[in-house]
Number of protein chains: 2
Amino acid sequence: MFKELDPLLHSQLRLAVISLLMSLEEADFVFLREKTGATAGNLSVQLEKLSEAGYIEVAKSFLGKRPRTTCRITAQGQKAFEEYIEAIKGYIG
Amino acid sequence: MFKELDPLLHSQLRLAVISLLMSLEEADFVFLREKTGATAGNLSVQLEKLSEAGYIEVAKSFLGKRPRTTCRITAQGQKAFEEYIEAIKGYIG
DNA sequence: AACATTTGGTTTATAATATAAACTTATTTA
DNA sequence: TAAATAAGTTTATATTATAAACCAAATGTT
C-alpha cells in the first residue's frame, strides 16, 4: 500500500531541482537557485547529494572568466523520479 | 512555481497516517501501526505531532481492560492534506 | 591605485527530524 | 507465580535540512 519514498527525492529542494531538470536539457547553478529560491549554500549541498547518488551530473566550467556549474539529470535520476511519483501517488490517492 | 510543502505532512509516516485517516471515520493505534508498518515508538511520536498541530484528534479510552488510542482527522487536517496535494503536484507535474 | 561590492560558489555549524531502542504498566497465558 | 504479550511512551541517536560564515576572483567606485 505505502511504498518507500526515496529519501533522496523526498526533500523539498532536491525534488524541485530534479523536477526542473526533468524538463530541461541542462540548468546552471544560478538558474536553479533563482527558480527554487534556495540559498546558495543549501543548493550546493543538495546538488552534491544528488550528484553522489548518480541522479544528476554536475559539470564545472567557465563562462568567459566566471565559473559556471551546470547540471543535468541522468537516466538513473529520471528513473528514480518516475518511481517517486508512483510511490507518492499511493499516499495522495 | 514551487509552493511550500507543509513540513508536517512532508514526512513519510505522517503522510501515510493522514492518508489513511482521510478515508476512514477513525482508526486506532494498532491499526495504524500495522497499515503503515511503523514501530510503535515512531508512530506515537508522529501522532503526537499531528495532534499538536491540530491535524488529528486523539482519544484514549479502554476496550474492555486494554487501553485504546483512537485517531480521527480534523477539518484543519483535511484542509492541510488537500493543500499538500496541490503543492506536491507542482513538483511532480 | 585602492577599496568596496558583487558573483559564484563551498564549508561549517546548528537546529530540527525521523527513527529505533529501551522502558513502563497492565494483562493474559502456562 | 512466572513468563510472555499488549499498548503505548520516553529517551537516545543518527541523519537532515538549512543558514551563516567563509573564500576567491571579477567588477565597480572614488
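The chains referred to below are lettered A, B, ... by the order of the sequence lines, with proteins before strands, and numbering in each begins at 1. In what follows, every heavy atom counts, from backbone to side chain, and hydrogens, waters and symmetry copies are set aside. Remember, it's a predicted structure, so these values are computed and weren't measured experimentally.
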K.L.:
To the nearest Å, give me how far apart NZ (A:Lys60) and P (C:dG9) are.
P.N.:
7 Å
K.L.:
Between A:Lys60 and A:Val58, which heavy-atom pair has the shortest distance, and what is it?
P.N.:
CE-CG1, 4.0 Å
K.L.:
If we ignore hydrogens and angles and just use 3.5 Å, is the side chain of A:Thr69 paired with the main-chain N or O of A:Phe29 as donor and acceptor?
P.N.:
no
K.L.:
Restricting to nitrogen or oxygen on both sides, can you table the protein-nucleotides 25-30 of chain C pairs closer than 3.5 Å?
P.N.:
none

K.L.:
Using OP1 and OP2 only, check whether a side-chain N or O of B:Thr39 sits under 4.0 Å from C:dT19.
P.N.:
no
K.L.:
Whole-Å distance between C:dG8 P and A:Leu47 CG?
P.N.:
15 Å
K.L.:
Produce the list of close N/O pairs, under 3.5 Å, pairing protein atoms with atoms of nucleotides 14-18 of chain C; give distances to one decimal.
P.N.:
unit_1: C:dA18; atom_1: OP1; unit_2: B:Ser11; atom_2: OG; d: 3.4
unit_1: C:dA18; atom_1: OP1; unit_2: B:Arg14; atom_2: NH2; d: 3.0
unit_1: C:dA18; atom_1: OP2; unit_2: B:Arg14; atom_2: NH1; d: 2.4
unit_1: C:dA18; atom_1: OP2; unit_2: B:Arg14; atom_2: NH2; d: 3.2
unit_1: C:dA18; atom_1: OP2; unit_2: B:Lys49; atom_2: NZ; d: 3.4

K.L.:
Would A:Ile73 and A:Val30 show up in the same hydrophobic cluster when neighbours are defined by side-chain heavy atoms closer than 4.5 Å?
P.N.:
no
K.L.:
Listed in order of residue number, which residues of residues 18-38 of chain A have a non-hydrogen atom at under 4.0 Å from DNA chain C?
P.N.:
A:Phe29, A:Val30
K.L.:
Output the distance between atom CD (B:Gln78) and atom CD (B:Glu82), rounded to the nearest 0.5 Å.
P.N.:
6.5 Å
K.L.:
Under 4.0 Å from any atom of DNA chain C, heavy atoms only: list the residues of residues 82-93 of chain A that qualify, in numerical order.
P.N.:
none
K.L.:
Keeping A:Ser51 on the side-chain end and A:Leu47 on the backbone end, is there a donor-acceptor pair under 3.5 Å?
P.N.:
no
K.L.:
Between B:Lys89 and B:Glu86, is the closest basic N to carboxylate O distance under 4.0 Å?
P.N.:
yes
K.L.:
Run the side-chain donor-acceptor check on residues 1-24 of chain A: report pairs under 3.5 Å with partners two or more places apart or on a different chain.
P.N.:
unit_1: A:Asp6; atom_1: OD1; unit_2: A:Leu8; atom_2: N; d: 2.9
unit_1: A:Asp6; atom_1: OD2; unit_2: A:Tyr55; atom_2: OH; d: 2.6
unit_1: A:His10; atom_1: ND1; unit_2: A:Tyr84; atom_2: OH; d: 2.8
unit_1: A:Ser11; atom_1: OG; unit_2: A:Arg14; atom_2: N; d: 3.4
unit_1: A:Gln12; atom_1: OE1; unit_2: B:Leu5; atom_2: N; d: 3.0
unit_1: A:Arg14; atom_1: NE; unit_2: A:Leu8; atom_2: O; d: 2.6
unit_1: A:Arg14; atom_1: NH1; unit_2: A:Gln46; atom_2: OE1; d: 2.5
unit_1: A:Arg14; atom_1: NH2; unit_2: A:Pro7; atom_2: O; d: 3.0
unit_1: A:Ser19; atom_1: OG; unit_2: B:Tyr91; atom_2: O; d: 2.8
unit_1: A:Ser23; atom_1: OG; unit_2: A:Leu20; atom_2: O; d: 3.3

K.L.:
According to the salt bridge (charged side-chain N to carboxylate O under 4.0 Å, His left out) rule, which pairs have a member within residues 62-74 of chain A, sequence neighbours left out?
P.N.:
A:Glu25-A:Arg72, A:Glu26-A:Arg72, A:Asp28-A:Arg68
K.L.:
What's the shortest heavy-atom distance between B:Gly54 and B:Thr74, and which atoms?
P.N.:
O-OG1, 2.6 Å
K.L.:
Would you tell me if any nitrogen or oxygen in the side chain of A:Thr69 comes within less than 4.0 Å of OP1 or OP2 on C:dG9?
P.N.:
yes
K.L.:
Want to settle it: does B:Ser61 or A:Gly41 sit nearer the 5' end of DNA chain D, counting the closest nucleotide to each?
P.N.:
B:Ser61
K.L.:
Take the protein atom CG of A:Leu43 and the nucleotide atom P of D:dT18, then report the distance between them rounded to whole Å.
P.N.:
12 Å
K.L.:
Within the 4.5 Å heavy-atom criterion, are B:Lys35 and B:Leu32 side-chain neighbours or not?
P.N.:
no
K.L.:
From B:Ile56 CD1 over to B:Glu48 CD, what is the distance, rounded to the nearest 0.5 angstrom?
P.N.:
9.0 Å
K.L.:
Whole Å only: how far is the CZ atom of A:Phe62 from the P atom of D:dA26?
P.N.:
8 Å
K.L.:
I need the A:Ile85 CD1 to B:Ile92 CD1 distance, nearest 0.5 Å.
P.N.:
5.5 Å
K.L.:
May I ask you to decide whether A:Lys49 forms a salt bridge with A:Glu52, counting only side-chain N to carboxylate O separations under 4.0 Å?
P.N.:
no
